[in-house]
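Okay, so here's the structure we're looking at.
A, B, ... follow the sequence lines: proteins, then strands. Residue 1 opens every chain. Values in this document were obtained by computation on a predicted structure and should not be read as measured data.
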2 protein chains.
Amino acid sequence: MRRSERKRERPDLGILSGRTLFSLQKELFTRLSTMGHAQVRPRHGAVLAYLDVEGSRASDLAAQSGQHKQVIGTLVDELVALGYVERRPDPADRRAKLVVPTELGLDHMEKSDAVLVEMEAEHARAVGEEAYAEFKRVFQLVAERQTGVR
Amino acid sequence: MRRSERKRERPDLGILSGRTLFSLQKELFTRLSTMGHAQVRPRHGAVLAYLDVEGSRASDLAAQSGQHKQVIGTLVDELVALGYVERRPDPADRRAKLVVPTELGLDHMEKSDAVLVEMEAEHARAVGEEAYAEFKRVFQLVAERQTGVR
DNA sequence: CAATTTAGTCACTTATTTTGACCGTCACTA
DNA sequence: TAGTGACGGTCAAAATAAGTGACTAAATTG
């Protein structure tokens, strides 16, 4: 069997993760664009995916998303321009600024969470609820190991 | 519970995939760089990951990796310059060129496959062989569904 | 053999990522 | 309470990457 065939039939963890990530992202943002959020691109996910309703610090967003601080800065600039978030001084630390979602931002966050839940529910129906739950459990362990061990 | 906490404790499929992919990629290429392949970057994976020992067409590599043909062209240029692959006319189709790995390229492919197998084996030991096998099985189904449906 | 596709490259334009320096706080400690 | 090092965020610039449209040559279709 040729290597490319083998990779297709028994893809490694990286290939599976990559395929899933990009395809999921594409579907999510396509769906969101039909729900009134056409301007937001997958890139902005680094901010919106981790944003708290009460607001989050740019550094926390950087740490959680694994992006550089500059990238977060740029994304926040764009999201401010689009009306999804605003920057407010952090009362607890005068160095920091809180990135706080606006009404529009909150709507995006809710819809995005809902679509993801729905997409996962479809997978669960297809492969079996129990099998899917177990899959998620192990995936989380693997992801933690992979991330932590470095 | 705040949203960011929830995302940390019960990450969605996208977050898990993303974390796993990027961390895996980073570790893989870090390890490979200590094995005599310091010049190759994750980007080149689009070519090297799917390359056949007998050579592959640029179009096939583009299709399998999901990259544009131009991207593949550029990557092949770089890999040629680094001595990992060479371009040879495809005897079966005079329009096409085969991208064929050199000795160095073959070494990279073997080592990269071996490191991935090893990394996965470590995960399997940690979460249990059986659980890991089942995880891979379901992951493959989910990835196919996610990719195919759209 | 004309019309259509397909493989690949060229030349450009536009995004995205990465780096390094820098300023104003903060936290700790002597 | 002054000194020191670390942290939060931004600027500017350099380096990489991605996306487009047009174009040549060869295969396929009919």
Between protein and nucleotides 11-14 of chain C, what N or O pairs are separated by less than 3.5 Å?
none

Assess whether side-chain contact (heavy atoms from CB on, under 4.5 Å) is satisfied between A/L75 and A/L48, documenting all intermediate values. CA-CA 10 Å; A/L75 294 175; A/L48 293 171; over 6 Å; no
Is it possible for you to say whether [X] and [Y] belong to one hydrophobic cluster, with membership spreading through side-chain heavy-atom contacts below 4.5 Å?
X: B/L104; Y: B/V47; value: yes
X: B/V138; Y: B/L21; value: no
X: B/V117; Y: B/Y132; value: no

Listed in order of residue number, which residues of residues 71-79 of chain B have a non-hydrogen atom at under 4.0 Å from DNA chain C? none
Under a 4.0 Å heavy-atom cut-off, which of residues 37-44 of chain A touch DNA chain C?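 DNA chain C contact set from residues 37-44 of chain A: A/R41, A/R43.
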May I ask you to decide if A/E9's main-chain N or O and B/Q140's side chain share a donor-acceptor pair within less than 3.5 Å?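 At least one qualifying donor-acceptor pair exists.
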So does A/Q146 get a backbone contact from the side chain of B/S23, meaning a donor-acceptor N/O pair under 3.5 Å? yes
Give the residues of residues 80-87 of chain A touching DNA chain D, defined as any heavy atom closer than 4.0 Å, sorted by residue number.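 Correct list: A/R87.
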Distance check needed: [N] [atom2] versus [X] [atom1], whole Å only.
X: A/Q67; N: C/dT16; atom1: CD; atom2: C1'; result: 10 Å
X: B/L61; N: C/dT9; atom1: CG; atom2: P; result: 11 Å
X: A/R88; N: D/dG9; atom1: CZ; atom2: C1'; result: 18 Å
X: A/K26; N: D/dG19; atom1: NZ; atom2: C1'; result: 14 Å

Show the nearest heavy-atom pair for residues A/M109 and A/D52, with the distance to one decimal. CE-C, 4.3 Å
If you look at every heavy atom in B/S112 and B/L28, which pair is closest and at what distance?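 B/S112 and B/L28 have their closest heavy atoms at O-CD1, 4.0 Å.
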Does any pair with a residue in residues 96-109 of chain A pass salt bridge (Lys or Arg N to Asp or Glu O under 4.0 Å), and if so which ones, sequence neighbours excluded? A/D107-A/K111
Apart from A/V100 itself, which Ile, Leu, Val, Met, Phe, Trp or Tyr residues share its cluster (side-chain heavy atoms under 4.5 Å, direct or through members)? A/L98
Does D/dG19 have OP1 or OP2 under 4.0 Å away from a side-chain N or O of B/H68?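 Checking B/H68 against D/dG19: at least one side-chain N or O falls below 4.0 Å of OP1 or OP2.
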Does D/dA27 have OP1 or OP2 sitting under 4.0 Å from an N or O in the side chain of B/R94?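 Yes, because at least one side-chain N or O of B/R94 sits under 4.0 Å from OP1 or OP2 of D/dA27.
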Using residues 10-19 of chain B as the side-chain source, report each donor-acceptor pair under 3.5 Å to any protein atom, sequence neighbours left out, with the distance given to one decimal.
from, atom 1, to, atom 2, distance (Å)
B/D12, OD1, B/G14, N, 2.9
B/D12, OD1, B/I15, N, 2.8
B/D12, OD2, B/K7, NZ, 3.3
B/S17, OG, B/L13, O, 2.8

Between the protein and nucleotides 6-8 of chain D, list every N/O to N/O distance that falls short of 3.5 Å.
from, atom 1, to, atom 2, distance (Å)
D/dC7, O2, A/R95, NH1, 2.7

Looking at residues at least two apart in the chain, or sitting in another chain, which of them share a ring pair (Phe, Tyr, Trp, His ring centres under 6.0 Å) with A/Y50?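 Applying ring pair (Phe, Tyr, Trp, His ring centres under 6.0 Å) to A/Y50 gives none.
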Intermediate values then yes/no, side-chain contact (heavy atoms from CB on, under 4.5 Å), B/E27 and B/V115: CA-CA 10 Å; B/E27 181 173 346; B/V115 168; over 6 Å; no
CA sep, side-chain torsions, deciding dist, call: B/H108, B/H44, side-chain contact (heavy atoms from CB on, under 4.5 Å): CA-CA 11 Å; B/H108 184 280; B/H44 298 123; over 6 Å; no
Distance-only donor-acceptor pairs under 3.5 Å for side chains of residues 82-89 of chain A, two or more places apart:
from, atom 1, to, atom 2, distance (Å)
A/Y84, OH, A/H37, ND1, 2.7
A/R87, NH2, A/D77, OD1, 2.1

Heavy atoms of other groups near A/E120 CD, more than 12 under 6.0 Å: yes
Given axes from five pairs at either end, by how many degrees does the helix from C/dC1-D/dG30 to C/dA30-D/dT1 bend, rounded to 10°?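 The angle, to the nearest 10 degrees, is 40°.
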Check salt bridge (Lys or Arg N to Asp or Glu O under 4.0 Å) between A/D93 and all other residues, then give those that pass, not counting sequence neighbours.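 So A/D93 forms a salt bridge (Lys or Arg N to Asp or Glu O under 4.0 Å) with A/R57, A/R95.
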Salt bridge between B/E5 and B/R8, side-chain N to carboxylate O under 4.0 Å?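 Salt bridge flag = no for B/R8 with B/E5.
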